[in-house]
Amino acid sequence: MEMLRTHHCGELTKGDLGKRATLAGWVRFYRDHGGVLFYDIADSHGSTQAVFDPVATNSEDLDRLEKVLNNIGREYVITVTGVVRDRVEGTTDARNPTGEIEVLIEDAKVLNRSKPIPFEVAEQKNSMLPGEDLRLKYRYLDLRRREMGSNLRFRSKLISCARRYLETQGFIEVETPMLTRSSREGARDFLVPSRNMPGQFYALPQSPQLYKQMLMVGGVERYYQVARCFRDEDSRADRQPEFTQLDMEMSFVEMEDILSMVEGMYAYVWKEMFDEHLPTPFPRIELKDSLARYGTDAPDVRFGLEMEEVTDLVKDAPYEIFQRVLSKGGMVTCIDLKGSLIKEQDTDGSVGRKQVDRLIDWAKSQGMGGLTWMRMTPDGLSSNIVKYFPEEVRQAIVERTDAQPGDLLLYLAGPRETVLRAGGQLRLKLAKDLGLLEGKGHQFVWLVSCPLFQKDPATGGLTSFHHPFVRPVGDVIPEGKDCANGMGHSYDLVFDGSEIGSGSMRNHDPEMQRKVFGILGMDEATMQKEFDFLLEALEFGAPPHGGVGMGVDRLCAMLLGCESIRDVIAFPKNKKFQSLVDGAPTKVEEAKLSELQLLCLADEDD
RNA sequence: GCCCCGGUAGUGUAGCGGCCUAUCAUGAAGCCCUGUCGAGGCUUCGACUCGGGUUCAAAUCCCGACCGGGGCGCCA
């Protein structure tokens, strides 16, 4: 093995009895029994018990050894040498793979000492995890914790599997620049001043999007990259200013080729990582259906509780609340909460009224006026308001929702967008409250059939639904005002209700790309100013191409059940984008600014 | 920019107007202990984020700042 050790701390077992071994690692726990000393020595592979026994130990210099051992503290880095031996009967530790043996210390050396640690590195009975700011400040200690170490290993393995698959499929990894051209499009850029070109700036890449398209023009055909991306927008639990995408692009393909390539990759990853068969192809859902049934463009389809619009059925029922909503152009949707899912039930097997009241309060907190409900009984629908709904309307509702006796029908009524959003939230809330996700596996789904454009409520103009490079379906954008109805060859990969990937076919025809830019409100001069290089590249024989970018941080965090992607990133930033471990960002010397021809306008307060 | 939640020994917590010179655990320092393993026993150390205010009395209530987290906006 290495020079400092003969074995690592997770490998010695009964098969090694009698061997002389040298271990190196951190002292995680030590126990002094008044002469007999125990040390749990841990490295990245595990931990092994080393014991010093003044009676049994055979050492060249017992006094010196005792002196060394008695001055060892927690998290000291030491090596110990000794013979692997059986533990005394009845003192084995079944929880530890090395728990049947111990190393009888003959020699020990302190490689480095450690100050008292600011928080526990060892696993604790109750969660004694400190606040996250402390974990980030001492990230190197946090990473020493077993959980964080295994998170990093998981991530590494996942990326490694993806790489292996893509390499076998003929992809090559190409690195694209980190110092790139700033653009008005998209998120806020991180800017880097140019020293050689004073007054000019690079931007850190928000994604390798345009570079990978130019790689396609360059004949690469199958590109991938584990790419760092930068966006200077405010953070969330699943958002960091710098994050990692598994980025891919392919030439001479159509959308189906890309989707099945991605599916194949995940199937391979699942097989390698979990030894599980991942069913492919992934289900697909159209954007408009997703919005109508799940109230979101990132649906979690692992449980039912889908919304059914009933606007058409109740439009003539003299129920004032619905009438008021409908007269303003609103909608009514319904969720059938199956009786079998309901936990808090009245003695007659129906939902507790208290539970319904809590849901009504919750609906109000979501910006809804309230929530209308009906119980399904063997005699039909029942509630305080069914009298406003003629028998044939009730019948139609039951048919559409397939309500069975014991079910509870929940109605949301209001402006379309509000209703769908609240309905989506209601689904998630019910699933959480009722534990519907317990024991559920994971589920990929493709979100497809998205428009090219959407209205910008601020300006009234059109903006890209995804980005301006999406190739229109059928290479056609309706003319004139109808262009807003144009559909794009784009797709999102949704995993358990979170968007973890997004991609599209790209415009390889420069005229089509110009047309899209034009619809987005750019005149020829602006196009030239912002995207001349792209348009020109497309004019030199750009092949049909498309691809996808997938969020590595988010996928890892979800697979590991982490609440935040920070737990799968070695050195993440806090909510204010500070790196607590090294204190970035900092002020810089005046001289450095001068060299860049920069003047700092921020207040000098210290 | 806005909204919500939180801030008590190194760490995690209890306390939520007077029982607080503040609980418990862990840690650190020291002592005891020859088979533990999240060892055990004894001793010691160590904290109410800051600034105003209300009150006879504030860790506790109010206001503001600061710090941290979650969210909205933002993220083509």
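Lettering follows sequence order; numbering is per chain, from 1.
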Quick test of your reading of the model: are A:Arg113 and A:Glu75 salt-bridged, counting only N-O distances below 4.0 Å?
no

Is a donor from one side chain sitting under 3.5 angstrom from an acceptor on the other, for A:Arg416 and A:Thr418?
no

Please pick, from B:G71, B:U34, B:C75, the nucleotide with the shortest atom-to-atom distance to any side-chain atom of A:Ala237.
B:G71

Consider the side chain of A:Phe29, meaning its heavy atoms from C-beta on, and name the nucleotide among B:A76, B:A39, B:G68 that approaches it most closely.
B:A39

Identity of whatever pairs with B:C2 - Watson-Crick or G-U, under 3.5 angstrom:
B:G71

Picking from B:G70, B:G68, B:A76, which would you name as closest to the side chain of A:Lys575?
B:G70

Within the modelled atom types, does a donor on one side and an acceptor on the other bring the side chain of A:Arg85 and the base of B:G35 under 3.5 Å apart?
yes

For a quick test of reading the model: is some side-chain N or O of A:Lys115 closer than 4.0 Å to OP1 or OP2 of B:A28?
no

Which nucleotide sits closest to the side chain of A:Arg239: B:G69, B:C75, B:A76?
B:C75

Please evaluate the base of B:G35 for a donor-acceptor partner in the side chain of A:Glu102 within a cut-off of under 3.5 Å?
yes

Just N and O in the side chain of A:Arg236: are any of them under 4.0 Å from OP1 or OP2 of B:C72?
yes

Distance, rounded to the nearest Å, where A:Asn70 contributes CG and B:A29 contributes P
13 Å

Considering only side-chain heavy atoms of A:Arg74, which listed nucleotide, B:G27, B:G70, B:A39, is closest?
B:G27

Side chain of A:Arg87 (C-beta onward), nearest among B:U11, B:U36, B:U34:
B:U36

Using a 5.5 Å cut-off between ring centres and planes within 30 degrees, is A:Phe38 stacked on the base of B:U36?
yes

Whom does B:U60 pair with, Watson-Crick or G-U wobble, provided both distances fall under 3.5 Å?
none

Would A:Arg471 and A:Gln513 count as having a side-chain donor-acceptor pair, cut-off 3.5 Å?
no

Among the nucleotides B:A76, B:U26, B:C74, whichever has the atom closest to the side chain of A:Met128 is B:U26

Look at the side chain of A:Asp234 against the base of B:G73 and say whether a donor-acceptor pair falls under 3.5 Å; ignore hydrogens and angles.
yes

For B:A76 and A:Gln454 - does any side-chain N or O of the residue sit under 4.0 Å from the phosphate oxygens OP1/OP2?
no

Side-chain donor or acceptor of A:Asp32 under 3.5 Å from a matching atom on the base of B:C33?
yes

Are the aromatic ring centres of A:Tyr30 and A:Phe38 under 6.0 angstrom apart?
no

Looking only at B:C75, B:G35, B:G10, the nucleotide nearest the A:Pro118 side chain is B:G10

CG of A:Asn151 to CG of A:Asp567, rounded to nearest 0.5 Å, is 6.5 Å

Among B:C75, B:G12, B:U34, which nucleotide sits nearest the side chain of A:Pro130?
B:G12

Out of B:A28, B:A39, B:G70, which has the shortest distance to the side chain of A:Pro116?
B:A28

Separation of B:A39 C1' from A:Arg95 CZ (nearest whole Å):
11 Å

Pairing partner of B:A76 (Watson-Crick or G-U wobble, both distances under 3.5 Å):
none

Side chain to side chain, A:Met550 and A:Asp247, heavy atoms closer than 4.5 Å:
no

